[in-house]
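One structure below.
Convention: sequence-line order gives letters A, B, ...; per-chain numbering from 1.
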Amino acid sequence: MSEENPSEIYKQRLQKLNKIKELGKNPYPNNYQKEYSTKEIKEKYFSTDEIEQSVLVKTAGRIFAKRPMGKAGFVHIQDEEGIIQVYANDKTLSSDEHEIFLNLDIGDIIGVEGEPFRTKTGEASLRAKVIDMLSKNISPIPVVKEKDGKIYDAFSDVETRYRQRYLDLIVNSSVRKNFILRSKIITEIRNFMNERKFLEVETPMMQSIASGAAAQPFKTHHNALNIPLYLRIAPELFLKRLLVGGVEKVYELNRNFRNEGISTKHNPEFTMMEVYQAYADYKDMMALVEDLFSYLAQKITGKDEVVYGEHTISLKKPWQQKTYLGIIKEKTGIDFNSYLADENPSVEEAKSKAKEIGVDVSKLNTFWEVVDEIFSEKVEPYLIQPVFITHYPKAVSPLAKNIPDNKHIVERFEPYIVGREMGNAFSELNDPFEQEKRFLEQVKMKEAGAHEIIEMDEDYIEALKVGMPPAGGLGIGIDRLVMLFTNASSIKDVILFPLLRPKLEK
RNA sequence: GAGAUGCUAGCUCAGUCGGUAGAGCAACUGCCUUUUAAGCAGUGGGUCCCGGGUUCGAGUCCCGGGCGUCUCACCA
């Protein structure tokens with residue numbers, strides 16, 4: 001609400017604000033020494049039938065419900081961990097504070113000193129002796145009511161919820177819980193990695209070449225050096241430089257930026273963990289993924305499974321393993337392995353096979369694009385329980401090592417859960433000459449019109465020439481992992497402030 | 001980027017055939033000193049997303065725009 005065109009409620013709140021000031025109180029005091037959270041009060045004073053009545057406990061929180069009755073009344077205050085009821089009347093409070101108490105609004109933040117007691121109905125409450133206004137609410141918050149677990153007038157407008165996430169957090173307790181859980185998951189991931197002696201590092205987010213993945217970068221400019229810079233699309237090539245530098249177990253858990261579409265599964269900035277381990281390969285990464293997910297399940301749900309939508313997902317290891325071409329054959333009957341004797345398998349034959357099973361590939365130009373389209377259409381949606389899809393085509397994996405004696409297939413896997421790719425891992429290519437050749441192939445594909453390829457990075461080739469130990473590497477999309485554990489259907493529900501187009505003021 | 005769909009009071013939503021704006025909660029006033037979706041009585045509150053058009057008259061019909069959501073496409 002603008003100050004030029006105030007609503008009725010806005011004007012009333014300003015009047016209340018002035019009234020508090022007239023009583024000689026500061027409606028926005030500098031500090032308040034909160035002694036207990038509402039949860040601690042309940043644990044300390046209400047866990048037994050006998051309640052110490054004579055003590056004064058001091059807490060603070062935001063009012064989200066009030067029930068005045070003549071000169072007395074109840075308010076419910078909420079803090080980060082819970083709620084507690086506060087009772088007051090004209091005898092428990094000084095006359096000034098009683099005046100303030102009667103005029104409290106839903107949304108006000110108050111401090112309370114009061115005696116613990118139970119009401120007739122048994123609810124844990126505080127009989128207020130002192131009330132302090134800590135922050136006067138001016139713009140009203142949505143009022144959500146609840147009875148018998150049923151929620152009335154839920155604050156549900158998604159746009160407002162995302163744009164004013166603070167309201168969402170105040171009013172929707174499940175939102176608050178999910179973001180606390182996100183933090184816990186990330187802490188547990190770090191615990192897991194650190195315990196296994198992986199070193200957490202921070203590599204550049206601003207890079208002069210945006211490589212390491214095939215995606216459109218955000219572009220910016222450094223004034224003093226007068227050079228273009230890109231927000232990283234992946235930390236991969238820097239982390240592998242660390243392998244060259246003798247760091248044997250390393251990870252980075254932080255933001256990547258991709259200048260691409262926004263959807264329920266994509267936000268332009270998203271969180272990724274990349275892991276590299278020297279003297280290991282993709283199979284070691286597979287074991288790491290299994291261990292990590294079942295560790296998280298134990299820590300978060302206490303079981304080795306998690307409920308997502310209508311599915312109960314068992315994260316118990318070992319997970320299933322299926323080869324990329326194998327599972328395509330399983331689901332569609334098409335055996336693309338039989339085409340691989342050729343150096344250049346026929347696009348036309350792949351296309352006619354795709355048409356037979358009703359997959360539209362009219363816009364695609366290469367054999368592997370056609371195969372991948374079939375995979376996305378006919379395989380991906382059915383990968384509900386955890387499965388490792390292995391043996392990816394080299395054509396789409398320019399940083400991965402070939403399977404020995406196979407020119408088309410690399411040592412790579414992607415873990416899938418609930419039809420979603422949860423990560424990507426491979427045996428890291430450490431042959432500088434082969435890597436250079438692969439980069440050049442990418443450059444050729446770009447010249448041929450591919451708009452997303454992995455950029456050549458000559459300095460990285462130079463690093464490989466110093467020698468990188470054989471290594472396994474892994475990337476895990478943290479937002480999607482959190483979605484799994486919080487049963488969220490949109491990535492916006494696990495990112496506090498998802499990107500929205502700014503709303504212009506008139 | 002394409003298609004579908006939505007935008008009305010602080011929140012959740014009605015609004016018929018085009019006739020000048022409604023409910024519940026919230027707010028305000030009065031009553032009410034253990035309530036809990038508190039209750040009872042009364043009152044106020046609107047840029048109907050924005051801009052055009054048609055019409056005597058538009059929340060409603062038409063055109064353009066904005067923002068969101070869903071699905072698809074790209075991607076993790």
Side-chain angles (χ1 to χ4, degrees), chain A residues 1-2 5-13 15-16 64-76 83 85-92 98 102-103 105-107 117-123 125 127 137-164 167 171 213-216 233-234 256-274 360 363 373 376-377 414-416 420-424 450-452 475-481 483 489-492 498 500-504 506:
Chain A
M1 184 51 63
S2 67
N5 188 18
S7 74
E8 188 190 26
I9 293 178
Y10 189 87
K11 285 186 243 173
Q12 288 163 355
R13 295 287 160 98
Q15 282 169 14
K16 287 185 177 183
F64 75 97
K66 59 177 234 185
R67 290 179 292 280
M69 286 163 301
K71 293 190 172 64
F74 293 93
V75 296
H76 267 116
I83 61 169
Q85 178 169 262
V86 175
Y87 171 81
N89 62 35
D90 57 348
K91 295 180 189 68
T92 70
H98 184 244
L102 293 180
N103 284 295
D105 287 306
I106 290 171
F117 77 108
R118 280 193 194 276
T119 61
K120 282 178 188 167
T121 56
E123 178 161 353
S125 309
R127 188 181 292 106
N137 171 267
I138 304 298
S139 297
I141 65 172
V143 177
V144 177
K145 299 203 173 188
E146 192 191 326
K147 189 185 187 183
D148 301 331
K150 194 177 172 190
I151 292 175
Y152 297 80
D153 298 334
F155 175 53
S156 56
D157 183 88
V158 265
E159 183 175 359
T160 320
R161 282 183 46 222
Y162 295 148
R163 286 191 195 279
Q164 295 180 268
L167 293 179
V171 160
Q216 295 291 312
I233 56 176
N256 286 348
F257 308 86
R258 297 189 184 175
N259 203 342
E260 287 168 355
I262 297 174
S263 79
T264 48
K265 294 176 200 67
H266 302 87
N267 194 60
E269 53 179 307
F270 63 101
T271 302
M272 177 98 154
M273 177 168 75
E274 287 202 9
D360 177 20
K363 288 177 197 152
E373 184 61 26
S376 313
E377 289 271 322
E414 295 196 348
Y416 276 85
R420 245 174 242 159
E421 182 188 339
M422 304 295 293
N424 183 17
H451 71 293
E452 283 183 357
I476 290 179
I478 298 299
D479 307 285
R480 288 181 181 179
L481 185 154
M483 284 170 74
S489 56
S490 170
I491 197 170
K492 290 188 173 76
L500 298 183
R501 190 181 287 275
K503 231 173 190 175
L504 298 174
K506 290 189 293 284

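- Side-chain proximity of Ser156(A) to the nucleotides U12(B), A73(B), U35(B) is greatest for U12(B).
- Listed by chain and number, the residues in a ring pair (Phe, Tyr, Trp, His ring centres under 6.0 Å) with His98(A) amount to none (sequence neighbours excluded).
- Residue Gly70(A) is classed as a base contact, given a heavy-atom separation below 4.0 Å to a base.
- Only the C1' atoms considered, A9(B) is 6 Å distant from G45(B), to the nearest whole Å.
- Within the nucleic acid shown, Asn267(A) comes within 4.0 Å of at least one base atom, counting heavy atoms only.
- Both Arg480(A) and Arg127(A) sit near RNA chain B, but only Arg127(A) has its closest nucleotide nearer the 5' end.
- Classification of Arg163(A) and Glu159(A) as a salt-bridged pair holds, one side-chain N sitting under 4.0 Å from a carboxylate O.
- Scanning atom types as modelled, no donor and acceptor separated by under 3.5 angstrom connect the side chain of Glu159(A) and the base of U69(B).
- Between Lys16(A) and C28(B), a side-chain N or O to OP1/OP2 separation shorter than 4.0 Å is present.
- A donor-acceptor contact under 3.5 Å links the side chain of Asp90(A) to the base of U33(B).
- Side-chain N or O atoms of Glu260(A) include one that pairs as donor or acceptor with a backbone N or O of Gln216(A) at under 3.5 Å.
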Intra- and interstrand pairs of RNA chain B - dot-bracket, Watson-Crick/G-U under 3.5 Å, | marks other strand: (((((((..((((.....[..)))).(((((.......))))).....(((((..]....))))))))))))....

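- Here the separation of G53(B) from A21(B), taken at their C1' atoms, is 24 Å to the nearest Å.
- Evaluation of the side chain to side chain contact (heavy atoms under 4.5 Å, CB included) rule for Ala213(A) yields Ile233(A), Ala234(A), Arg258(A) as partners, not counting sequence neighbours.
- The base of U33(B) sits within donor-acceptor range of the side chain of Lys91(A), with an N or O pair under 3.5 Å.
- Note: Lys492(A) NZ to Ser263(A) OG = 7.5 Å, rounded to the nearest 0.5 Å.
- Nearest-nucleotide assignment on RNA chain B puts the 5′-proximal partner with Glu123(A), out of Glu123(A) and Ile262(A).
- Looking only at atom types and distance, the side chain of Gln85(A) has a donor-acceptor partner in the side chain of Arg67(A) under 3.5 Å away.
- Scanning for ring pair (Phe, Tyr, Trp, His ring centres under 6.0 Å) contacts around Tyr162(A) gives an empty result, with sequence neighbours left out.
- Rounded to the nearest Å, the gap between the C1' atom of A14(B) and that of U8(B) is 10 Å.
- Using a 4.5 Å heavy-atom threshold, the side chains of Val75(A) and Tyr87(A) count as separate.
- Only the P atoms considered, G51(B) is 41 Å distant from C40(B), to the nearest whole Å.
- Backbone-only engagement by Ala154(A) is indicated by non-hydrogen atom pairs under 4.0 Å involving sugar-phosphate atoms exclusively.
- The closest donor-acceptor contact from the side chain of Asp148(A) to the backbone of Lys150(A) lies at 3.5 Å or more, if one exists at all.
- Using a 4.0 Å heavy-atom distance criterion, Phe155(A) is classed as a sugar-phosphate-only contact.
- The side-chain hydrogen bond (donor to acceptor under 3.5 Å, both in side chains) search around Thr271(A) returns Arg182(A), not counting sequence neighbours.
- Here C50(B) presents its P atom at 19 Å from CZ of Arg501(A), a figure rounded to the nearest Å.
- As judged by a 4.0 angstrom heavy-atom cut-off over every strand, Glu377(A) is placed among residues touching the sugar-phosphate backbone only.
- Remark: P of C70(B) and CG of Leu500(A) are 11 Å apart, rounded to the nearest angstrom.
- The residue from Asn267(A), Ile262(A), Ile491(A), Asp479(A) that alone fulfils the side chain to side chain contact (heavy atoms under 4.5 Å, CB included) condition with Pro498(A) is Asn267(A).
- Put simply, Arg67(A) has a side-chain N or O that comes within less than 4.0 Å of OP1 or OP2 on A38(B).
- With P as the reference atom, C25(B) and U43(B) are 15 Å apart, rounded to whole Å.
- Listed candidates were A27(B), U33(B), C25(B). Nearest to the side chain of Asp153(A) is C25(B).
- Contact annotation: side chain of Thr119(A) to base of U35(B), donor-acceptor pair present below 3.5 Å.
- Going from atom OH of Tyr10(A) over to atom C1' of A27(B) covers 16 Å, rounded to whole Å.
- Out of U35(B), A76(B), C25(B), the shortest distance to the side chain of Gln85(A) is found at U35(B).
- Using atom C1' as the reference point in both G46(B) and A41(B), the two lie 25 Å apart (nearest Å).
- Judged purely by atom type and a 3.5 angstrom limit, Arg480(A) uses its side chain to pair as donor or acceptor with the backbone of Lys265(A).
- Minimum atom distance to the side chain of Arg13(A) is reached by A27(B), of the listed U12(B), A27(B), U33(B).
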All N/O pairs under 3.5 Å across the protein-nucleotides 41-45 of chain B interface:
unit_1	atom_1	unit_2	atom_2	d
G44(B)	O2'	Glu8(A)	OE2	2.7
G44(B)	N2	Glu8(A)	OE1	2.7
G44(B)	N3	Glu8(A)	OE1	3.2
G45(B)	O4'	Glu8(A)	OE1	3.2

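- Nucleic acid contact class of Arg420(A) (heavy atoms, under 4.0 Å, all strands): none.
- The pair Asp153(A)-Lys145(A) fails the salt-bridge criterion, with no side-chain N (NZ, NE, NH1 or NH2) lying under 4.0 Å from an Asp/Glu carboxylate O.
- Atom name P, nucleotides G15(B) and C61(B): the rounded distance is 12 Å, in whole Å.
- The CD1 atom of Ile151(A) sits 14 Å away from the P atom of U12(B) (whole-angstrom rounding).
- Per the geometry, CG belonging to Asn137(A) stands 10 Å off C1' belonging to G10(B), to the nearest Å.
- For Leu167(A) and A26(B), the CG to C1' distance is 14 Å, given to the nearest whole Å.
- The NZ atom of Lys71(A) sits 8 Å away from the P atom of C31(B) (whole-angstrom rounding).
- Nucleic acid contact for Tyr162(A): sugar-phosphate only, since backbone atoms but no base atoms lie under 4.0 Å from a heavy atom of the residue.
- Closest to the side chain of Ser490(A), from the set A27(B), C70(B), A73(B), is C70(B).
- Counting to the nearest Å, the C1' atom of U34(B) and the NE2 atom of His76(A) are 12 Å from each other.
- Within the nucleic acid shown, Lys66(A) comes within 4.0 Å of sugar-phosphate atoms alone, with no base atom in reach, counting heavy atoms only.
- Checking the phosphate oxygens (OP1, OP2) of A38(B), a side-chain nitrogen or oxygen of Lys145(A) falls inside 4.0 Å.
- Rounded to whole Å, the separation between the C1' atoms of G22(B) and G3(B) comes to 34 Å.
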